[in-house]
Number of protein chains: 2
Amino acid sequence: MKKTILIFGLLILALLLLFQFSKYAVISGDLDSEFAIAIIAVVFFFVGVYLNKKSLQKQQTASEVINHQKIKDLDISKREYEVLVGISEGLSNKEIGEKLFVSESTIKTHVSNLLSKLNAKRRTQALQIAKDLNII
Amino acid sequence: MKKTILIFGLLILALLLLFQFSKYAVISGDLDSEFAIAIIAVVFFFVGVYLNKKSLQKQQTASEVINHQKIKDLDISKREYEVLVGISEGLSNKEIGEKLFVSESTIKTHVSNLLSKLNAKRRTQALQIAKDLNII
DNA sequence: AGTGGTTTGGTACTTTAGTATGACCTATTT
DNA sequence: AAATAGGTCATACTAAAGTACCAAACCACT
């Protein structure tokens with residue numbers, strides 16, 4: 001938040017400087033007035049694009065970026081998370097085992113632990129919960 | 001696509017008119033030059049915001065709106081789709097049956113048909129495929 | 001060197017999921 | 001009226017998924 005305010009302040013300052021600079025450049029005859037206006041138009045156009053992108057980005061991060069902190073809070077280990085990813089790819093326990101080079105038994109253990117940590121009864125429910133928590 | 005080009009054309013035209021108008025307004029003394037520049041800056045700022053929003057919207061609609069046509073193409077019936085939604089909510093066959101007021105057997109039939117229509121081996125894979133096709 | 005957490009893996013078991021098949025009912029279409 | 005498509009349900013079966021419990025190996029850390 002503080003960072004945002006700082007960036008905004010600097011931006012406004014820069015724009016005012018550009019404004020004043022182009023005004024004096026035109027007065028002193030170094031710059032064509034139409035050209036100066038065109039520069040200002042282009043600059044403000046991109047400022048609009050930039051600010052809009054920034055504000056939209058923030059809305060997205062809330063629902064699309066995975067929440068690593070939540071994973072830690074739930075005590076989900078790296079291996080368990082890899083298994084969760086395998087589940088989300090629609091793989092069977094056997095296929096996940098082949099992907100991670102371990103036995104199906106191991107995957108079953110991980111899945112079972114994962115389900116209790118996510119408070120889910122089935123792998124499909126685990127997916128739904130994981131999506132809700134933005135950890136997948 | 002044609003609509004987009006039309007809007008862009010009209011936009012550029014309007015901007016050029018604004019440009020010319022403000023220039024003559026300044027020359028004729030009806031308008032202060034700094035004020036005119038400020039108007040242009042503001043207008044271009046919002047043009048930037050608008051265009052950016054438009055372009056980002058299109059990227060989202062492609063991946064977030066469900067594709068009803070695809071559902072028809074895959075011959076997925078209303079009931080089967082309801083079952084698919086149940087699966088995506090992490091429900092068991094029995095729970096889906098209770099939700100839709102039919103027996104578990106019926107759900108099993110629907111699921112089985114759904115899997116073959118989606119070319120999936122498991123319900124989790126069906127979810128992954130359904131998301132890929134934007135039908136869920 | 002021992003402790004704790006993770007990973008691995010097995011056995012034995014219960015529960016869901018999924019397949020195959022057949023049957024019946026009901027709209028809709030031909 | 002007969003065919004068609006969708007929905008319903010059952011039985012019987014196979015295949016996954018999931019639970020419980022145990023045990024060994026590994027790594028990081030003190």
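Chain A is the first sequence line, chain B the second, and so forth, proteins listed ahead of strands; every chain is numbered from 1.
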When you check the phosphate oxygens OP1 and OP2 of C:dA17, does a side-chain N or O of B:N93 lie under 4.0 Å from one of them?
yes
Closest contact, heavy atoms only, B:L114 versus B:E80
CD2-O, 3.4 Å
Are the side chains of A:L118 and A:I76 in touch, meaning some heavy atoms are under 4.5 Å apart?
yes
So, is A:T109 close to the C:dT8 phosphate, meaning a side-chain N or O under 4.0 Å from OP1 or OP2?
no
For the side chain of B:S105, counting heavy atoms from C-beta on, which of D:dC9, D:dT8, C:dT8 is nearest?
D:dC9
Atom pair distance, as rounded to whole Å: CZ in B:F101 and P in D:dC9:
12 Å
Side-chain N or O of A:S112 closer than 4.0 Å to phosphate OP1/OP2 of D:dA17
no
Before giving the answer on side-chain contact (heavy atoms from CB on, under 4.5 Å), spell out for B:T124 and A:T124 the whole-Å C-alpha distance, their side-chain angles and the decisive distance to 0.1 Å.
CA-CA 6 Å; B:T124 49; A:T124 48; 3.8 Å; yes
Could you pick out which residue, B:T124 or B:K108, lies toward the 5' side of DNA chain D when each is mapped onto its nearest nucleotide?
B:K108
Rounded to whole Å, CG of B:L114 lies from P of D:dG7 at a distance of 11 Å
Distance in angstrom units between B:N113 CG and C:dA17 P, rounded
17 Å
Within residues 74-89 of chain A, the residues having a heavy atom closer than 4.0 Å to DNA chain C are A:S77, A:K78, A:R79
Side chain A:K53, main chain B:N52, donor-acceptor under 3.5 Å:
no
What I'd like to find out is whether the side chain of B:L51 reaches to under 4.5 Å of the side chain of A:V49, using heavy atoms alone.
no
Could you give the NZ-to-P distance, from A:K72 to C:dT6, as a whole number of Å?
13 Å
Which whole-number value in Å describes the distance from B:H110 NE2 to D:dT8 C1'?
7 Å
For DNA chain D, whose closest nucleotide is more 5', that of B:R122 or that of B:S103?
B:S103
Pairing donors with acceptors under 3.5 angstrom, does anything connect the side chains of A:T106 and A:T109?
no
Is the shortest side-chain heavy-atom distance between B:R123 and B:V111 below 4.5 Å?
yes
D:dT8 P sits how many Å from B:I107 CD1, rounded?
7 Å
Grab the NZ-P distance between A:K94 and D:dA17 for me, whole Å please.
10 Å
Is any side-chain heavy atom of A:E95 closer than 4.5 Å to a side-chain heavy atom of A:E89?
no
Kindly indicate whether the side chain of B:K131, heavy atoms from C-beta on, has any atom under 4.5 Å from the side chain of B:Q128.
no
Mind checking B:S92 for me? I need base, sugar-phosphate or nothing, with any heavy atom below 4.0 Å counting as a touch.
sugar-phosphate
I'd like to check A:V83 versus A:L100 (side-chain heavy atoms, cut-off strictly below 4.5 Å). Are they in contact?
yes
B:L100 CG - D:dG6 P separation (whole Å)
17 Å
Divergence of helical axes at both termini of the helix from C:dA1-D:dT30 to C:dT30-D:dA1 - five pairs an end, 10° steps:
40°
